[in-house]
Amino acid sequence: MQQIEEIITGSVVGAMHSLYGRTCSPEQIQLQKTRREFEGDVTLVVFPLLKISRKSPEQTALDIGEHLVRNHTEIKHYNIIKGFLNMVIQDNYYLNYLNRIIPDASYGIQAGPDTGNLSPAGNQQPETIMVEYSSPNTNKPLHLGHIRNNLLGYSVCNILRATGKRVIKTNLVNDRGIHICKSMLTWLRYGKGETPETSGKKGDHLVGEYYVRFEQEYRSQVSELIAGGYSQEDAEKNAPVILEAQEMLRKWEAGDPEILNLWKTMNEWVYEGFNETYRKLGVDFDKIYYESETWLQGKKMVLDGLGKKQFFQHPDGSVWVDLRPEGLDEKVLLRSDGTSVYITQDMGTAQLRQEQYNPDKMIYVVGNEQNYHFKVLSIILHKLGFPWAESLHHLSYGMVELPEGRMKSREGVVVDADDLIGEMIQTARDMSRELGKLDGLKESEKENICKIIGMGALKYYILKVDPVKNMTFNPRESIDFDGNTGSFIQYTYTRIRSVFRKAEELGISKPGFVSGQIALNQKEKNLLQLVHEFPAVIADAAQTYNPSLIANFTYELVKEYNQFYHDFSILKEKNKDKRNLRLLLSEVVARVIRNSMGLLGIEMPERM
RNA sequence: GGUUCCGUAGCUCAGUUGGAUAGAGCAACAGCCUUCUAAGCUGUGGGUCGCGCGUUCGAAUCGCGCCGGAAUCACCA
């Protein structure tokens, strides 16, 4: 079924031909929502068509308006203001639309194929998209920046699947490298055998403490060396602890059993901690890659490339790629001691994924600080001649900053993910107690609702912002529960649910359809138009990988609904057709709220 | 210094395939609960859309040049 905008677009193309004998493409037809201050629902901007009509804006609009009204009963009438043709759509069109979507509980959401089925993509539809997100290092706990990453990644996956794509959610755990060795080193030196069990600390936090401790010690050694006459650079290269960490990495890569054992143990602690945080955030993955399992593949690719003279070697043995022809610099791929760097394993992981799943697109949800890295990765894979190098897309998002500037995990200046989640839920509890609306519910129910509200506020706060933009988070000002917030949206939903509970008490049953002969008031019409727009919003969000479009659309919808709710009674409406309309309209609005927020990973409580 | 991204109300953000008089929320102030949940609704004040030039019938939106901020250009990840 075509939506009215598509019908009008097609018809205007036809009109241009029959009126002026010239063809034009659908792309030249500019339709927009009529601004609130003018009468109408859909507006055609005629200026771009003047070249074809060779008439005045008013005359062109008149010609087209007449043509449209003659050919489409959906268009009631029109008016012309300057070069704008404002069309009023029949209420009947929206009522029919409402009747059509009532049976569709998952309105707007297409059922994408099961992601659990991890077979390689075949040649037939649907398109398979692999999305990497989260990608933590195992040397420290997750912070607010990771929260943004996880929420974005998870939401983008939902949105893509809602447009019928086959989506594979993947995580690349950075479980190896010099940073892990840093934590291991300090734990060996100062840990006295401390474990999550003996200390009562969450595993990722425990390991993180030793990482911070390493950095402290490293900095103090660097300062000492500088005081002893070293240059900054030499001091940083020669501080004893960093040399030890490097030695440990060499042992790790050589397969030293003692080092490997410690490494496994400490990583396990971290994974348990991460899994708890993931569970609280409500995110999950279909396939987890570990760098420790992909780096050798990457190393092999580098050596192959070296053999084929795509890369070259310095006298000290390090391997490089020359990206000067691409306007970049030379880039190291293997260190002089033979150990691999960050990009090495990303090459290996990319190839493994192609072999295993053959996705049509590979999306990396990674912060904008790595823009250069992904540019380099694409070019290298290109140089190596992989046709799928084209399918890589870096979904780059902005940093979360504190009022003082960016977070520094090396110095422990971070907003910890677990802490923040805990605070959000606590604030929800405080507020609920204050408002007293949950009195009479069981403790477990109250707790569940507060979790939904606290997490909803956090998720909405993060996801409503355009991903490309940096955002500031002020820990001293708690995240709002009023205004443009997740709570406002949840609140609107619970109001609707409450109406239906009340309806049941009053013995008012939910109708299956609405009469097509009702005159809509302005609020009802606005709401139906927004509901009508929902599928297009999802398509847009999927195309641009942008969950904030969903968030902002839903805000607009609930704002409109609250005005409607305030201005009109639903259950006390005497006219039965009108009452039915309002009931069904409310039902569909609740559904859109639930489905759209579901795309953001935000749950809806039944009451709050 | 090179490259990339960002700059809209006091604050946080919408609006950008070029369209009509640039919108919300927070904060401030003034109203609305014997009514389907006031986590709501209504109103008031608040703007050289960083600056300049250009393209255009029309620019917050496109181009160029500045200014301000961020990221990156590591044998870190």
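Given the structure is predicted, the values throughout are model-derived calculations rather than measurements. Proteins get letters first, then strands, A, B, ... in listed order; numbering begins at 1 in each.
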Point to revise | Ion pair A:E401/A:R406, N-O distance below 4.0 Å | key: no

Practice item. Tell me whether the OP1 or OP2 atom of B:A77 has a side-chain N or O from A:R176 closer than 4.0 Å. Key: no

Review point. With respect to the phosphate group of B:U37, does any side-chain polar atom (N or O) of A:K502 fall under 4.0 Å of OP1 or OP2?
Key: no

Revision key, fill the gap. From NE2 of A:H146 across to P of B:A77 the rounded distance in Å is 15 Å

Review point. How far, in whole Å, is B:C49 from B:U8 if one measures between their C1' atoms?
Key: 4 Å

Practice item. Could you walk me through whether A:E215 and A:K140 pass the salt bridge (Lys or Arg N to Asp or Glu O under 4.0 Å) test, one step at a time? Key: CA-CA 12 Å; A:E215 291 297 334; A:K140 49 184 183 267; over 6 Å; no

Point to revise | Electrostatic pair A:E560-A:R36, nearest N-O below 4.0 angstrom | key: yes

Point to revise | Per A:R335 side chain, nearest of listed nucleotides B:A77, B:G25, B:U37 | key: B:A77

Exercise for review: Starting from P on B:A38, measure out to CZ on A:R607 and report it in whole angstrom.
Suggested key: 15 Å

Exercise for review: Just call it for A:M431: base, sugar-phosphate, or nothing, with non-hydrogen atoms closer than 4.0 Å on any strand.
Suggested key: base

Exercise for review: Give A:F488 one of three labels, base, sugar-phosphate or nothing, depending on what nucleic acid heavy atoms sit under 4.0 Å from its own.
Suggested key: sugar-phosphate

Point to revise | Side-chain H-bond candidate by donor/acceptor type, A:Y397 with A:N368, under 3.5 Å | key: no

Exercise for review: Determine the contact category for A:Y491: base if any of its heavy atoms lies under 4.0 Å from a base atom, sugar-phosphate if only primed atoms, P, OP1 or OP2 are that close, otherwise nothing.
Suggested key: base

Exercise for review: Check every strand shown and say whether A:S432 touches a base, only sugar-phosphate, or nothing at a heavy-atom separation below 4.0 Å.
Suggested key: base

Point to revise | Basic-acidic side-chain contact under 4.0 Å: A:K33, A:D41 | key: no

Check your understanding: Based on Watson-Crick and G-U pairs with both distances under 3.5 Å, what dot-bracket line describes RNA chain B 5' to 3', crossing pairs as [ ] and inter-strand pairs as |?
Key -> (((((((..((((.....[...)))).(((((.......))))).....(((((..]....))))))))))))....

Point to revise | Sugar-phosphate only, base, or nothing, as touched by A:I453 at under 4.0 Å among non-hydrogen atoms | key: base

Point to revise | Proximal nucleotide (of B:C26, B:U4, B:A77) relative to the A:D480 side chain | key: B:C26

Review point. Which part of the nucleic acid, if any, lies within contact of A:N139, taking any heavy atom under 4.0 Å across all strands shown: a base, the sugar-phosphate backbone alone, or nothing?
Key: nothing

Practice item. Would you check if A:F38 stacks with the base of B:A20, given a 5.5 Å centroid limit and a 30° plane limit, both strict? Key: yes

Practice item. With sequence neighbours excluded, tell me which residues meet ring-ring contact (aromatic ring centres under 6.0 Å, His included) with A:Y493. Key: none

Review point. Taking only N and O in the side chain of A:R36, is any of them less than 4.0 Å away from OP1 or OP2 of B:A24?
Key: no

Study note, to complete from the structure: Whole-Å distance, A:K469 NZ to B:A70 C1', equals 14 Å

Practice item. Select from A:N368 and A:K572 the residue whose nearest nucleotide in RNA chain B is closer to the 5' end of that strand. Key: A:K572

Check your understanding: Counting only side-chain N and O atoms of A:Q370, is one of them less than 4.0 Å from OP1 or OP2 of B:A71?
Key -> no

Point to revise | Integer-rounded Å distance: B:A38 C1' and A:M608 CE | key: 13 Å

Exercise for review: Answer yes when A:R591 and A:E587 have at least one side-chain N-carboxylate O distance shorter than 4.0 Å, and no when they do not.
Suggested key: yes

Review point. Contact class for A:V332 vs. all strands (heavy atom < 4.0 Å): base, sugar-phosphate, or nothing?
Key: sugar-phosphate

Check your understanding: Regarding A:R429 and A:Q426, is there a side-chain donor-to-acceptor distance under 3.5 Å anywhere?
Key -> yes

Check your understanding: Does the aromatic ring of A:F84 sit over the six-membered base ring of B:A20, closer than 5.5 Å centre to centre and tilted less than 30°?
Key -> yes

Review point. If you measure from the C1' atom in B:G45 to the same atom in B:C33, how many Å do you get, rounded?
Key: 26 Å

Review point. Expressed as a whole number of Å, how far does the C1' atom of B:G19 sit from that of B:U61?
Key: 11 Å

**Study point:** Whole-angstrom distance between B:C51 and B:A60, as gauged at atom P
**Key:** 11 Å

Study note, to complete from the structure: Whole-Å distance, A:Q246 CD to B:C76 P, equals 7 Å

Check your understanding: Base, sugar-phosphate, or nothing: which does A:Q30 touch, judged by heavy atoms less than 4.0 Å apart?
Key -> base

Review point. In whole Å, what is the span from the CZ atom of A:R495 to the P atom of B:C33?
Key: 15 Å

Exercise for review: Classify the glycosidic conformation of B:C33 as syn or anti, calling it syn when the angle lies within 90° of 0.
Suggested key: syn

Check your understanding: Do A:E524 and A:N521 get their side chains close enough for a donor-acceptor pair, meaning under 3.5 Å?
Key -> yes

Check your understanding: With sugar-phosphate meaning primed atoms plus P, OP1 and OP2, does A:I178 contact a base, only sugar-phosphate, or nothing at under 4.0 Å between heavy atoms?
Key -> sugar-phosphate

Check your understanding: Contact class for A:L85 (heavy atom, under 4.0 Å): base, sugar-phosphate, or nothing?
Key -> nothing

Review point. Under a 4.5 Å cut-off applied to non-hydrogen side-chain atoms, are A:K299 and A:V302 in contact?
Key: no

**Study point:** Presence of donor-acceptor pair under 3.5 Å, side chain of A:T43 and base of B:A20
**Key:** yes

Review point. Rounded to whole angstrom units, what separation is found between the CD atom of A:E434 and the P atom of B:A38?
Key: 17 Å

Exercise for review: Could you verify whether a donor N or O on one side chain and an acceptor N or O on the other, from A:N86 and A:T43, lie under 3.5 Å apart?
Suggested key: yes

Point to revise | Short side-chain N/O contact to B:G23 OP1/OP2 from A:R35, under 4.0 Å | key: yes

**Study point:** A:E533-A:Q529 side chain donor-acceptor pair, cut-off 3.5 Å
**Key:** no

Practice item. Mind checking A:P48 for me? I need base, sugar-phosphate or nothing, with any heavy atom below 4.0 Å counting as a touch. Key: base

Point to revise | A:D346 (side chain) and B:A77 (base): donor-acceptor pair under 3.5 Å | key: no

Practice item. Output the residues of residues 455-468 of chain A in contact with RNA chain B, where contact means a heavy atom of the residue under 4.0 Å from an atom of the strand; sort by number or write none. Key: A:V465, A:D466

Point to revise | Side-chain donor-acceptor pair present, A:S336, A:S318, cut-off under 3.5 Å | key: no

Exercise for review: Find which nucleotide of RNA chain B each of A:K375 and A:S569 is nearest to by heavy atoms, and output the residue with the more 5' nucleotide.
Suggested key: A:K375

Review point. With sugar-phosphate meaning primed atoms plus P, OP1 and OP2, does A:E27 contact a base, only sugar-phosphate, or nothing at under 4.0 Å between heavy atoms?
Key: nothing

Review point. Rounded to the Å, how far apart are A:L172 CG and B:A77 C1'?
Key: 11 Å

